[in-house]
Amino acid sequence: MKYEHKQIEKKWRANWEKSPINVETPDKKPYYCLDMFPYPSGNGLHVGHWRGYVLSDVWSRYQILHGYHVLHPMGWDAFGLPAENYAIQKKVHPAIATAENVANFKRQLHDISAIYDWDKEVNTTDPNYYKWTQWIFLKMFEKGLAYEKEMPINWCPSCKTGLANEEVKEGACDRCGSTVTKKNLRQWMLKITAYAERLLNDLEGLEWPEKVKKMQSDWIGKSYGAEIDFEIEGTDKKVKVFTTRPDTLYGATFMVLAPEHELVMDIVTDQQKVQAEKYIFDASTRSSVDRMADKDKTGVFLGRYAVNPLNGEKLPVWISDYVLADYGTGAIMCVPAHDERDFAFAKKFDLKITQVISKTGELEDLEEAFVEEGIMINSGTFNGMKSSEAKAAIPDYLEKQGIGTKTVNYKLRDWVFSRQRYWGEPIPVVHCKDCGVVGVKEEELPITLPDVESYEPTGTGESPLAAIDEWVNTTCPKCGGPAKRETNTMPQWAGSSWYFLRYPNPHNDKELISKEDMKKWLPVDMYVGGIEHAVLHLLYARFYTKFLYDIGTVDFEEPFTRLFNQGMVTKNGAKMSKSKGNVVSPDELVEKYGCDSLRMYELFIGPPELDSEWDDRGIEGVYRFLNKVWKLIDENKEADATREMERLRHKMIHDITLRMESFNLNTVVSGFMEYTNKFLDIQKQAGGIDKETIKTLIILLAPFTPHISEELWESVGEAGSVFANEWPVFDEEKMKDDEIEIAIQISGKMAGKIKVAADEDEASVLAKAKAAAAARLEGKEIVKEIYVKGRIVNIVAK
RNA sequence: GCCGCUGUGGCGGAAUGGCAGACGCACCUGACUCAAAAUCAGGCGUAGCAAUACGUGCCGGUUCGAGUCCGGCCAGCGGUACCA
């Protein structure tokens, strides 16, 4: 009989439908294996999407064979710009386009034959889902973690909306690539900075790729230093600066404030006022890209002097856009001798440079800033001290004198959370003339998204919702008076920051998640997805989880115990995309070779964590392999298990299991090929393979190629599903061979091989090796003999 | 600039410090066929008829032995970027 993949796959899909293989029984432990849910785009799935989905499904099925009941759900991150932009173009409600895309995605996902439980599907645009997205916001609002602020934010002129810092990559909008500008807007913010320390510390215990942990920790950006107050001469103002180099305080020769610093206009002298105002205006209109790209220093002197609290020296006060308003205190003390940027500024404006740290302990000629550690000079009582010690000693002194404090600083900023777009969750608050901003009552949730005539973003900082008077005008939940609804919507990240909590009970209308389901399933055991969310979704989800822990909704602080980032599938060296025209669709491949072949090839293509280049011809090899397996079993005449077969069987289980556990899935597949080739040889010579080995091979293959495995399981006369089995176990003793091959080296160079008994003693092995290599040892003196048991002999000879 | 990852045949890639190139693709030869496809048998790093020599980005080191460990470079990719 031939391997008919179409028939087989159809048959087993129908069978699984009737009798599912992943069912709950009292003896099974729960395992939660999660995929990053997709945005249902109109383009459909390509073979790159398959990779992650196949990987998580193979892992899920592997857990089933280990006796777990697995939660392996799928859903839709369906709010977002593509559907909205499509709506603007075609005048179709985004909900309609989204529903069509979801249907198409589901059809394509069906082809993977993953064990998704569609009863647990979630969709972030479903009011019964976003009710809880809004509920979380209300709770954050109650706790003061969601707040309104007017400030200059990242603004994408093309998407016409504000962006979070995490959404700006190299000065451009992460979504559309347009250059991001600054815009002063009233914004909803989430106080993620309140969790900076916990977000940083808890990374340690996670089984995540080190790379992702590093990226998050860099993004949070903790640094230690001091805040120091400087009095401004001729005014009653003090300016606080943050520095990580308090050891250089004696070398401060000027001070720079960010143009946006709140005290600039209080400090500036009348004489310098016009110039300063012009500079501030210019800085406000420069895009962040310009500000970044242009390293040339600019600035304006404010006409005043600050007083160095340690030595009373007068420091001219400047403004310059190289100082960032939203990091530290927005003002710095400048030590040109020991900071490259300050050095450049001092050179440009001819400011004093005082060296206070020296390599030798003597004053040196500085041609550039000296940023290393050294000996303190020009620093009063601290002279002669190591700068590394002064780093602690000077802040101690400042604290004692009451002019400074030791502090830590983070690069992480609060999360700009409002979007001026239509297709997102309405922010559930109202603005009341008398009561101010008031959260809606919990029982009013969800605040559903109304229909609008135009989805077009206004670009004014208001969302299209602002145009719907009958929706905007409401009553205040507190005083009952007239009030207006908030018209900004939430970012796409809102729905994805907690969706993993909803899967266990998507239809629960009483609470976000029941205590019982939460304790049973969460946190997620294995999370599979792309690296692109390293500091976006994954950071936000951790923040949400910590908040929900604080208010008692969940009893764990980290949502994802283990994370795996699968590599991209590339074609012609580039990520697959419609615009590049290099998209490979799985549809024809499934048709021609079957789901099992495509699943297996997705894993065979390369190490799962690395990017891999797609080759259409490669799948042929896997298809041939499955045909070989089919033939091996279909034409087998059952034989008794020989000692050699038993040895091979245990070694196969050993190899496959170890590679599985270390996630070397590409070598698992090559292992299958290797052993199958061996079995075919033995079959040819001996006439048949024993049944135990056949059954073992079928079970090991099952997570990868479930359809053919079920069919073969049935064909060898076994009842029930192959997934009702336990993953086979190996016995180290039975893997051992009587005779082993030893490689011989002479002075580290290969010089043949010999066969010896497995338990042969060293002297005997060495004697045999020398005999075998006698010709090449002739006339040489043996200096040293090394025997590594069971592996190699090295004879060092001169 | 700083941080991280990756460099192995024509290609994708294997190798607990111990036989470099497993497994697969492509290619070559042969069998089967009227022929082709499929399948089967064999070959396939470079040079050489061969014995053999040389080969894991480059230079050096440790070691009986290095793709693997250490030091110094180079290239590609990713993150970050005036963060004081």
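Protein chains get the first letters and strands the later ones, always in sequence-line order, with residue 1 at the start of each.
The A:Met215 side chain lies nearest to B:G79 when the options are B:G79, B:A84, B:G13.
Base pairing of B:U46: its partner is B:A53, meeting the Watson-Crick or G-U wobble criterion (both donor-acceptor distances under 3.5 Å). The partner of B:G7 is B:C74, by the rule that a Watson-Crick or G-U pair needs both atom distances under 3.5 Å. Searching all strands for a Watson-Crick or G-U wobble partner of B:U39 with both distances below 3.5 Å returns B:A31. Across all strands shown, B:A81 forms no Watson-Crick or G-U wobble pair with both distances under 3.5 Å.
One atom, CD1 of A:Ile319, and another, P of B:C82, lie 19 Å apart when rounded to the nearest Å. Rounded to whole Å, atom C1' of B:A14 lies 13 Å from atom CG of A:Asp655. If you take NZ of A:Lys411 and P of B:G79, they are 15 Å apart, rounded to a whole angstrom. The separation between A:Ile746 atom CD1 and B:U52 atom P is 11 Å, rounded to whole Å. The distance from atom CD1 of A:Ile531 to atom C1' of B:U80 is 14 Å, rounded to the nearest whole Å. Rounded to whole Å, atom C1' of B:C77 lies 9 Å from atom CG of A:Asp611. We find that CD1 of A:Ile619 is positioned 17 Å from C1' of B:A26, with the value rounded to whole Å. As a whole-Å value, the separation of A:Glu340 CD from B:C82 C1' is 10 Å.
One P atom belongs to B:C3, the other to B:A51, and the distance between them is 50 Å to the nearest Å. Spacing between B:U16 and B:U33 at atom C1', rounded to whole Å, works out to 50 Å. Comparing the same atom, P, in B:G48 and in B:G30 gives a spacing of 23 Å after rounding to whole Å. Taking atom C1' on both nucleotides, B:C27 is separated from B:C77 by 31 Å, rounded to a whole Å.
Side-chain contact check for A:Trp219 and A:Glu166: at least one donor-acceptor pair (N or O, by modelled atom type) lies under 3.5 Å. Side-chain contact, A:Asp616 with A:Tyr601: no donor N or O sits under 3.5 Å from an acceptor N or O.
Of the residues near RNA chain B, A:Asp681 and A:Ile605, the one whose nearest nucleotide (by heavy atom distance) lies more toward the 5' end is A:Ile605.
Distance check, rounded to the nearest 0.5 Å: CE of A:Met750 to CD1 of A:Ile744 gives 8.0 Å. One finds the CG atom of A:Asp339 at 8.5 Å from the CZ atom of A:Arg245 (value rounded to the nearest 0.5 Å).
Proximity of A:Lys211 to the phosphate of B:C3: no side-chain N or O atom is located under 4.0 Å from OP1 or OP2. Between A:Tyr322 and the phosphate of B:A84, there is no side-chain N or O to OP1/OP2 separation shorter than 4.0 Å.
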### Query
Stepwise, does the salt bridge (Lys or Arg N to Asp or Glu O under 4.0 Å) test hold for A:Lys222 with A:Glu197?
CA-CA 8 Å; A:Lys222 184 178 186 177; A:Glu197 191 63 27; 2.8 Å; yes

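The aromatic ring centres of A:Phe672 and A:Phe704 sit less than 6.0 Å apart. The distance between the ring centers of A:Trp208 and A:Phe564 does not fall below 6.0 angstrom. A centroid separation of less than 6.0 Å is found between the aromatic rings of A:Trp415 and A:Tyr540.
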### Task
Do nucleotides 18-24 of chain B as a string where each nucleotide becomes B, S or -: B if the base has a protein heavy atom under 4.0 Å, S if just the sugar-phosphate does, - if no protein is that close.
BBS-BBS

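Nucleic acid contact class of A:Lys789 (heavy atoms, under 4.0 Å, all strands): none.
A glycosidic torsion no more than 90° from 0 defines the syn conformation, and B:G9 adopts it.
Contact annotation: side chain of A:Lys297 to base of B:C82, donor-acceptor pair present below 3.5 Å.
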